[in-house]
Amino acid sequence: MMTESVNIVERGELLPLDSIYPNRLNPNEMDSTDLFVLKNDVRVDNYDPITVSPLGVFYTPEAREDPRVRAVIPDDIDPESTYIICDGFHRYTTASQLKMTHIRGKILHMTERDAMPFFYRRHKLRGKLDPIKEAELFRNEMKERRITAVKLVELYNLRGISYIKTRLSLLNVTTDVVNLFYEPPEDLPGRLTTDHLRTLSYLPKNMHFAVAMMSLERNWRVKDLRVEIRRIKEGKGLRAPWAETEAPGAPPSSHPTMAQRYLHRMLTAFSRPMRKRLSDM
């Protein structure tokens, strides 16, 4: 005898999709395989409801002025019938792609201050966190709450202060390099990891892109990248594409590179603390 299948998915209530907006600090990411599965589940109405909070509850008046908020939420919208996603951004996005008019959701009256650490912990257990967005979240929380890194570790149940510092260092990398991190050129063998970005952050910003491209072209490990940065700090400049693996022992006496011209005038003051920082990595 055929048994009737049982749907154990929590139902929630149907909410208009056009009344829902993503929050400004969501760091959760999903890979393409998981997104494909999720899309199929949403298509057949087999998904957990998203969690939302009314706009007027979730954001403070100051937060409503944030350009990231104003860019997506109209100023004249009703804050009581408009909702901000606390959890379920990918379900919401998938429903939008499927041109659905409503999505199942649970309405909780949560402020951004309460929602972000709560759902961050859930995302850590079940999903992948975007490192750049995670860094932006940490920076925003420390600024808005006016708390130290120690307090943030406690609030978000993090591994330690070093984890926060590592993430925040990613925000020092230029936007064009961040783009290479997300979308590396297909014709180059290398890929940038968060450790590559952290290492690049020790360079002057005007050199980030050139060194990042060298790393991609030569498929450098983080160890190789650190060697190149030491060379730059020693005034030897960027290695030419045709250069041998071993660099020349000293910078040329004429025709200095752009890197040499930039660094030699402040080499004494600049290289000593940098060597110490690199030795600690």
Side-chain angles (χ1 to χ4, degrees), residues 22-35 63 66-72 85 89-90 93 116 119-120 123-124 127-144 149 152 156 158-159 161-233 238-239 241 258-259 262-263 270 274 277-278 280-281:
N23 71 62
R24 59 179 173 169
L25 296 171
N26 175 42
N28 195 32
E29 292 293 324
M30 294 181 71
D31 62 33
S32 57
T33 301
D34 290 339
L35 284 171
D66 188 318
R68 292 170 294 181
V69 177
R70 300 192 68 177
V72 296
I85 298 171
F89 170 74
H90 297 292
T93 302
M116 296 314 296
F119 288 105
Y120 174 90
H123 292 163
K124 272 207 309 184
K128 179 182 178 182
L129 298 173
D130 181 298
I132 307 297
K133 293 180 181 177
E134 189 180 14
E136 291 173 345
L137 170 63
F138 291 162
R139 180 175 64 183
N140 187 82
E141 287 286 78
M142 293 174 71
K143 177 183 176 182
E144 296 296 325
L152 190 66
Y156 276 75
L158 301 170
R159 295 196 295 269
I161 295 176
S162 60
Y163 182 80
I164 297 174
K165 291 181 177 178
T166 297
R167 282 294 183 260
L168 292 179
S169 70
L170 305 183
L171 299 179
N172 296 326
V173 180
T174 56
T175 302
D176 50 5
V177 173
V178 171
N179 292 336
L180 292 175
F181 170 74
Y182 287 121
E183 298 181 10
E186 295 182 358
D187 58 339
L188 298 181
R191 293 294 180 268
L192 298 178
T193 66
T194 54
D195 284 337
H196 283 88
L197 296 186
R198 174 172 168 262
T199 304
L200 285 165
S201 72
Y202 295 119
L203 279 170
K205 288 183 182 292
N206 64 347
M207 301 188 70
H208 286 187
F209 186 77
V211 179
M213 285 299 295
M214 289 176 65
S215 180
L216 293 173
E217 291 167 356
R218 304 175 189 198
N219 197 17
W220 276 345
R221 299 164 298 173
V222 175
K223 176 182 177 181
D224 303 318
L225 180 58
R226 289 172 181 166
V227 170
E228 182 65 18
I229 289 179
R230 285 194 183 95
R231 292 186 66 260
I232 292 172
K233 298 309 176 187
L238 291 174
R239 255 182 285 199
M258 178 186 72
Y262 180 86
L263 288 172
F270 190 67
M274 189 58 61
R277 290 171 68 184
L278 288 171
D280 293 337
M281 291 165 59

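Residues take their numbers from the sequence shown, with the count starting at 1.
Among E228, R226, K233, the one residue that satisfies the side chain to side chain contact (heavy atoms under 4.5 Å, CB included) test with R230 is R226.
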Please report the C-alpha distance between L216 and M213 in whole Å, then the side-chain angles of each, then the deciding distance to 0.1 Å, and finally whether the side-chain contact (heavy atoms from CB on, under 4.5 Å) criterion is met.
CA-CA 5 Å; L216 293 173; M213 285 299 295; 4.2 Å; yes
Evaluate side-chain contact (heavy atoms from CB on, under 4.5 Å) for M142 paired with L168, printing each intermediate quantity in order.
CA-CA 11 Å; M142 293 174 71; L168 292 179; 4.2 Å; yes
E134 and Y163: CA distance, side-chain angles, deciding distance, side chain to side chain donor-acceptor pair (under 3.5 Å) verdict
CA-CA 11 Å; E134 189 180 14; Y163 182 80; 2.7 Å; yes
Checking side-chain contact (heavy atoms from CB on, under 4.5 Å) for the pair L171/F138: CA distance, chi angles, key distance, verdict?
CA-CA 11 Å; L171 299 179; F138 291 162; over 6 Å; no
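When side chains are defined from C-beta on, M116 counts as touching N23, because their heavy atoms get closer than 4.5 Å. Within the 4.5 Å cutoff, no side-chain heavy atoms of I132 are placed close to those of V173.
Rounding to the nearest 0.5 Å gives a distance of 5.5 Å between CD1 of I229 and CG of L200. Within the model, atoms CD1 of I164 and OG of S169 stand 12.0 Å from one another, a figure rounded to the nearest 0.5 Å. From R24, atom CZ reaches atom CD of E136 across 11.0 Å, with rounding to the nearest 0.5 Å. Between atom CG of residue L25 and atom CZ of residue F119 there is a gap of 14.5 Å, rounded to the nearest 0.5 Å. Atom-to-atom distance recorded for R198:CZ and L225:CG is 11.5 Å, nearest 0.5 angstrom. L170 CG to K133 NZ: the interatomic distance, rounded to the nearest 0.5 Å, is 14.5 Å.
Side chain of H208 to backbone of L203: a donor-acceptor contact under 3.5 angstrom is found. The main-chain N or O of R221 is found under 3.5 Å from a side-chain atom of D224 such that the two form a donor-acceptor pair.
Contact between P22 and I85 at its shortest, heavy atoms only, is CA-CD1, 4.0 Å. Of all the heavy atoms in S201 and N172, the pair that sits closest is CB-CB, 4.1 Å. Across every non-hydrogen atom of A135 and R167, the tightest pair is CB-O, 3.2 Å. Pairing each heavy atom of V211 with each of W220, the nearest pair is O-CZ3, 4.5 Å. Between R191 and P185, the closest heavy-atom pair is NH1-O, 3.8 Å. Nearest approach of N219 to G190, heavy atoms of both residues: OD1-CA, 3.3 Å.
With no hydrogens or angles considered, a side-chain donor-acceptor pair links T174 and D176 at under 3.5 Å. Of the N and O atoms on the side chains of E141 and Y120, not one donor lies less than 3.5 Å from an acceptor on the other residue. In this model, no donor atom of one side chain and acceptor atom of the other lie less than 3.5 Å apart for H90 and T93.
Atom NZ of K165 has 12 or fewer neighbouring heavy atoms from other residues, nucleotides or ligands inside a 6.0 Å radius.
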